[in-house]
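Presented below is the structure to which this report refers.
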Amino acid sequence: MTRIVYVNGAYKRYAEAAIHAEDRGFQFADAVYEVIEVLGGRLVDATRHMARLDRSLRELKIAAPMSQQALLQVIGEAVRRNRVSDGIVYMQVTRGAGPRDFSLPGADILPTLVVLARAPRRGWADELAKTGIAVKTMPDNRWGRCDIKTVMLLPAVLAKDAARRDGAREVWFVDSQGAITEGASSNAWIVTAEGVLVTRKLDSNILPGITRAGVADVAASERLKVEERPFSVKEALQAREAFLTSATNTVMPVVAIDGQQIGEGRPGPIAQRLRSRFHQVAEISAV
Ligand code: PMP
């Protein structure tokens with residue numbers, strides 16, 4: 001449970017944490033966010049997450065609310081005040097509040113910053129990873145700049161809901177060429193019959209996942225070959241293994257796509273190995 005939320009300079013009780021009614025994040029989804037895993041009260045891959053936040057802000061010309069060092073202090077406070085040992089920290093930066101106007105405001109508007117930390121039910125992801133999850137493919141109907149981590153998540157929310165109603169925990173979006181782009185909130189991977197890891201190359205259709213980068217590091221340390229290229233739904237259905245990556249799931253085995261079993265229909269050895277090694281290779285830093 002989140003007890004305390006940082007909002008624009010103050011640590012507020014959860015029920016009282018609020019932003020302005022004309023915040024541009026609320027009006028236009030004119031905002032970006034980050035989610036960092038917290039492990040033993042420390043941050044996983046904070047440097048890469050901070051760099052991605054910085055890039056998202058620059059791409060949209062949203063001012064940074066504070067220095068990275070100051071933001072890391074706020075993150076540390078949010079983790080401590082919510083007594084999170086294992087969980088996540090969520091931060092959102094919006095362009096700020098002002099009378100609703102499609103035109104971008106001038107430089108006098110101050111960005112809004114919200115930071116909160118939360119611990120999910122202990123061990124839920126490990127439990128899920130034991131059996132693996134099902135995913136459902138759906139046409140990718142998101143915008144053309146999915147490389148920016150914006151809060152414009154309605155297509156992902158609706159697609160995930162449709163997947164859930166079909167008994168799948170995640171969506172794998174498919175582009176107009178029939179290639180899988182990524183999940184609604186994760187990156188998509190397969191393992192070929194030859195044991196090669198395949199994930200789409202970075203382009204404007206996918207988020208440059210921090211866990212994706214970390215898994216590439218783990219793969220390199222394990223001398224596993226990684227190919228960054230598009231792969232079709234057909235290729236995924238014939239894969240030896242499939243899995244997804246995200247800060248909240250690390251590596252999650254995918255055992256079914258559109259109701260069809262992948263490989264043996266249980267978590268594969270490569271996905272399990274990458275999952276178990278992930279935190280040994282990732283940057284873990286105190287806050
Ligand atoms: N793609 C999308 C669309 C996402 O929302 C996420 C999670 N925020 C990811 C990929 C995975 O990124 P990360 O590994 O940085 O959590």
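Ligands are counted one by one from 1 in listed order, and the atoms in each one are counted from 1 as well.
Taking any N or O of His49, backbone or side chain, none lies under 3.5 Å from an N or O belonging to ligand 1. The shortest N or O to N or O distance between Ser185 and ligand 1 is not below 3.5 Å. Considering backbone and side-chain N/O of Ala247, one or more are found under 3.5 Å from N/O of ligand 1. Geometrically, ligand 1 and Lys149 share a nitrogen or oxygen pair separated by less than 3.5 Å. Residue-to-ligand polar distances place Thr211 within reach of ligand 1: an N/O pair is separated by less than 3.5 Å. Of the N or O atoms in Ile210, one or more lie within a sub-3.5 Å distance of an N or O in ligand 1.
Other residues, nucleotides and ligands place no more than 12 heavy atoms under 6.0 Å from the CZ atom of Phe26. Applying the 6.0 Å contact sphere to CZ of Arg13 captures no more than 12 heavy atoms from other residues, nucleotides or ligands. Within a 6.0 Å radius of CZ in Arg80, more than 12 heavy atoms belonging to other residues, nucleotides or ligands are found.
Arg52 counts as a contact of ligand 1, since one of its heavy atoms falls under 4.0 Å from the ligand. Ligand 1 lies less than 4.0 angstrom from a heavy atom belonging to Tyr33. Residue contact check for ligand 1: Ala213 places no non-hydrogen atom closer than 4.0 Å to it.
With ligand atoms numbered from 1 in the order given, ligand 1 contributes 12 (O), 13 (P), 14 (O), 15 (O) to contacts under 4.0 Å with heavy atoms of Gly209. Below 4.0 Å from some heavy atom of Arg142 lie the following atoms of ligand 1, by number and element: 3 (C). Residue Gly183 approaches ligand 1 through these ligand atoms, each under 4.0 Å from one of its heavy atoms: 3 (C). Near Thr245, the atoms of ligand 1 lying under 4.0 angstrom from a non-hydrogen atom of the residue are 11 (C).
Screening residues 60-75 for side-chain hydrogen bond (donor to acceptor under 3.5 Å, both in side chains) gives no qualifying pairs among residues at least two apart or on separate chains.
Arg83 is linked by a salt bridge (Lys or Arg N to Asp or Glu O under 4.0 Å) to nothing, counting only residues two or more places apart in sequence or in another chain.
In this structure, Arg145 pairs ionically with Glu59, as a charged nitrogen and a carboxylate oxygen lie closer than 4.0 Å. Ion pairing of Arg52 with Glu34 is present here, as a side-chain N (NZ or NE/NH1/NH2) and a carboxylate O approach within less than 4.0 Å. The pair Arg121-Glu127 counts as a salt bridge, with a side-chain nitrogen and a carboxylate oxygen less than 4.0 angstrom apart.
Under 4.0 Å from ligand 1, not a single heavy atom of Thr248 appears. The parts of Asn187 lying near ligand 1 are both backbone and side chain, judged by heavy-atom distances below 4.0 Å. Neither the backbone nor the side chain of Cys146 has a heavy atom within less than 4.0 Å of ligand 1.
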Exercise. Let me see the working for Asp140 and Thr181 under side chain to side chain donor-acceptor pair (under 3.5 Å), right down to the final yes or no.
Key: CA-CA 8 Å; Asp140 197 337; Thr181 53; 2.7 Å; yes
Exercise. Would you check, one step at a time, whether the test side chain to side chain donor-acceptor pair (under 3.5 Å) holds for Arg275 with Thr250?
Key: CA-CA 7 Å; Arg275 181 178 178 83; Thr250 60; 3.1 Å; yes
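Under 3.5 Å, the side chains of Asp23 and Thr112 contain a donor-acceptor pair of N or O atoms.
Ranking the protein heavy atoms by distance from atom 1 (N) of ligand 1 puts Glu182 OE1, 2.6 Å first.
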